[in-house]
2 protein chains.
Amino acid sequence: MASLHDVARLAGVSKSTVSRVINDEYGVKEATKIKVRRAIEECGYVVNQVAKDLKSNKTNLIGIIVPRVASNAVSQGVDGLSKTFEQASKHVLLANSGLEAGKEIQYIELFNQKRVEGIVMFATHIDDALITAIKRSRAPVVLIGQDGSGYNIPSVIHDDYRVGYCAAEQLHRAGCRSVGFLGVKSDDIAVDRQRYDGFSNALNYIGLSTPQFHTQGQFSIDSGREEMTRLLADNQRPDGIFCATDRIAIGAIQAIIASDLKPGKDIKVVGVGNDEMASVVTPGLSTFAYAFEPAGSNAAKMLLEIIEQGRSQVAKLVLGFDWVPRQSC
Amino acid sequence: MASLHDVARLAGVSKSTVSRVINDEYGVKEATKIKVRRAIEECGYVVNQVAKDLKSNKTNLIGIIVPRVASNAVSQGVDGLSKTFEQASKHVLLANSGLEAGKEIQYIELFNQKRVEGIVMFATHIDDALITAIKRSRAPVVLIGQDGSGYNIPSVIHDDYRVGYCAAEQLHRAGCRSVGFLGVKSDDIAVDRQRYDGFSNALNYIGLSTPQFHTQGQFSIDSGREEMTRLLADNQRPDGIFCATDRIAIGAIQAIIASDLKPGKDIKVVGVGNDEMASVVTPGLSTFAYAFEPAGSNAAKMLLEIIEQGRSQVAKLVLGFDWVPRQSC
DNA sequence: TTGAAAGCGGTACCAC
DNA sequence: GTGGTACCGCTTTCAA
């Protein structure tokens, strides 16, 4: 592959001159410019950004770590991130941990070797190893989805506690007296713990009894259906359920229908996220719309501020949500 | 940031020795190894991959260009790509063109400057400028979603012609006599042209009349609903419709219901893709399941083969699909 | 077993 | 206006 040196030889000038032409610097005679441009064309020269990055000690690179791409929260978040970074002339390295433990940490190290200027990570959980890895990282890290601000890691999160609280209020307002929670594994603070706590505390405040149940399934329609089927078979008969995600809620609705009960009437159902699916199921799923793409663009802005100013004014950004009432509650 | 040189000074050895220790090479005395490792620890040295890449003239980098991430086809495809590349120790640069014309071409050039070893592109259309840019690219390019094999560009596509053909057969088998097509803009060869042609030719072969209509909307539920509403208002009364995508089909179903007709009975509806939404709408949407993640992993394998062998055995990979019958047809 | 030095492809300072 | 040269951080002979 042709280098500056080759171009210089071909044009009969020095590397310095070629460099000047390429970078549109002042003080090069028009005639030489033309010579050089012809030489560039002739040998198909393409700038070597690797060499430039080394020399300038700057990569304009941002690393993004995701557990998987094919999820509403992540794919929309990545769109928000990449658009914002693109505007700031940053380029994006994408790493997919595939939910394998330890992979995120490897990627943080790899990204530091690649001299990224910052890292955005979609977190599914937080543990000590991860925190240590983030602390060791030269490149600043911003978290999306889980709150790391307690460990001094800037984070963009959704208002998971309050969404649980509001869910209880909505179910109560709809006349429910006996309710439960379909959650996920408990090390997911944002999705399970926070939403459950908000829900539970609101029930308490309202004067209803604590949740009848708190299942711990997966992030899928199937899992929601199975958990709900099991509960109904167990003779659990709530009049309202709050589901940690819309997919779980949709599965629950299917189970309710399969038991010859009417979701939205016999049992009210509330989800979280406002997945597009929520708008097409029957009955329509009442849910809380989360701002997934803004989560990405805000995280990007925070990270850019940290990169440019050395620190961010905001330690934690909590995004609001909107209640989207449909037929299920 | 500490460099080899700093470590060497701290350990009282030469850069060469430090390099040997870092890369686990033979012939370094145990005692020196220990000295060096302590020095590395002490100054928090992290390998500079940029310098390594320059020196070795190898980046292990792959560029991926997408129109957006938040789409079923793309997000699943990217999962397939990133998993396969990860296994081959390649890293992924992600560029989001945001559907802006010309952006893809800029990214191809940028990726070449960054010395990526190959590029995968999710194409929404193909034009001369794009083909020229791909031809000029040093890094080999593999297309996903549109067929560039006619221009000698390796491509992974779905069997869009045949899906149209099968859709006609399914509608016919379900008793339809008068059918139409809800498409997208016609420069989308794969999604509009191919599916329509297969559909139309099958009708002809079967002995039914050609499609009553061929609309050109967007890739959205709303667009599908609007087009179908307009058709029904126009006194079009097909007994079957084939929709270029599941979202369009879901919109159409909504419009049919809003007109007090029964989708799946008065008007049969068939989609393409097997979006998860198709399984949760009522009536369930009959559709063809596309292999989005395999599209990604196969494209990755093709690209890796080209990078390693210099060329690929396969010029074009056509992925099959499965008929997923539900209530809408 | 270790070190000195050249070079990867650029940039930038200093001469001429 | 243009060229020579040192250097960014690493690897890799070649010598010692």
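Residue numbers begin at 1 in each chain, while the letters A, B, ... track the order of the sequences. Any value given below was found using the heavy atoms of this structure, including those in side chains, with hydrogens, waters and symmetry copies removed.
The CG atom of B/Asn23 sits 17 Å away from the C1' atom of C/dT1 (whole-angstrom rounding). We find that CG of B/Leu54 is positioned 12 Å from P of D/dT11, with the value rounded to whole Å. As a whole-Å value, the separation of A/Asp6 CG from C/dG9 C1' is 10 Å. For A/Lys52 and D/dG9, the NZ to P distance is 18 Å, given to the nearest whole Å. D/dG1 atom P lies 14 Å from atom CD1 of A/Ile34, rounded to whole Å. Across the protein-nucleic acid pair, A/Leu4 atom CG and C/dT11 atom P stand 6 Å apart, rounded to whole Å. Atom-to-atom, CG of A/Asp53 to P of C/dG10 comes out at 12 Å; the value is rounded to the nearest Å. Between B/Gln49 atom CD and D/dC10 atom P the separation is 10 Å, expressed in whole Å.
A donor-acceptor contact shorter than 3.5 Å is absent between the side chain of B/Glu117 and the backbone of B/Ile62.
Among C/dG10, D/dG9, D/dG4, the nucleotide with an atom closest to any side-chain atom of A/Ser3 is C/dG10.
B/Asn72 is linked by a side-chain hydrogen bond (donor to acceptor under 3.5 Å, both in side chains) to B/Gln76, B/Asp275, counting only residues two or more places apart in sequence or in another chain.
Here B/Thr17 reaches the OP1 or OP2 of C/dG3: one of its side-chain N or O atoms lies under 4.0 Å away. One finds a side-chain N or O of A/Tyr45 lying less than 4.0 angstrom from the OP1 or OP2 phosphate oxygen of C/dG10. A sub-4.0 Å separation between OP1 or OP2 of C/dA4 and a side-chain N or O of B/Ser14 is absent.
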Atom pairs under 3.5 Å: protein N/O with N/O of nucleotides 12-16 of chain C:
{"from": "C/dA12", "atom 1": "N6", "to": "A/Ser16", "atom 2": "OG", "distance (Å)": "3.3"}

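Remark on DNA chain C: of its neighbouring residues B/Thr32 and A/Met1, the 5'-side contact belongs to B/Thr32, judged by nearest-heavy-atom nucleotide. Of the two residues contacting DNA chain D, namely A/Glu30 and A/Ala51, the nearest-nucleotide position lying further toward the 5' end is that of A/Glu30.
Residue contacts for B/Asn57: at a heavy-atom cut-off of 4.0 Å it reaches no nucleic acid atom on any strand shown. Nucleic acid contact for B/Val50: none, since no nucleic acid atom lies under 4.0 Å from a heavy atom of the residue.
Classification of A/Glu293 and A/Lys83 as a salt-bridged pair holds, one side-chain N sitting under 4.0 Å from a carboxylate O. Electrostatic pairing of A/Asp147 and A/Lys316 counts as a salt bridge here, judged by a charged N lying under 4.0 Å from a carboxylate O.
The two residues B/Leu130 and B/Glu104 make their nearest non-hydrogen contact at CD1-CB, 4.4 Å.
Under the 30°/60° scheme for interplanar angles, the aromatic rings of B/His158 and B/Tyr290 are found to lie parallel.
Looking at B/Ser137 and B/Asn112, their side chains do bring a donor and an acceptor atom within 3.5 Å of each other.
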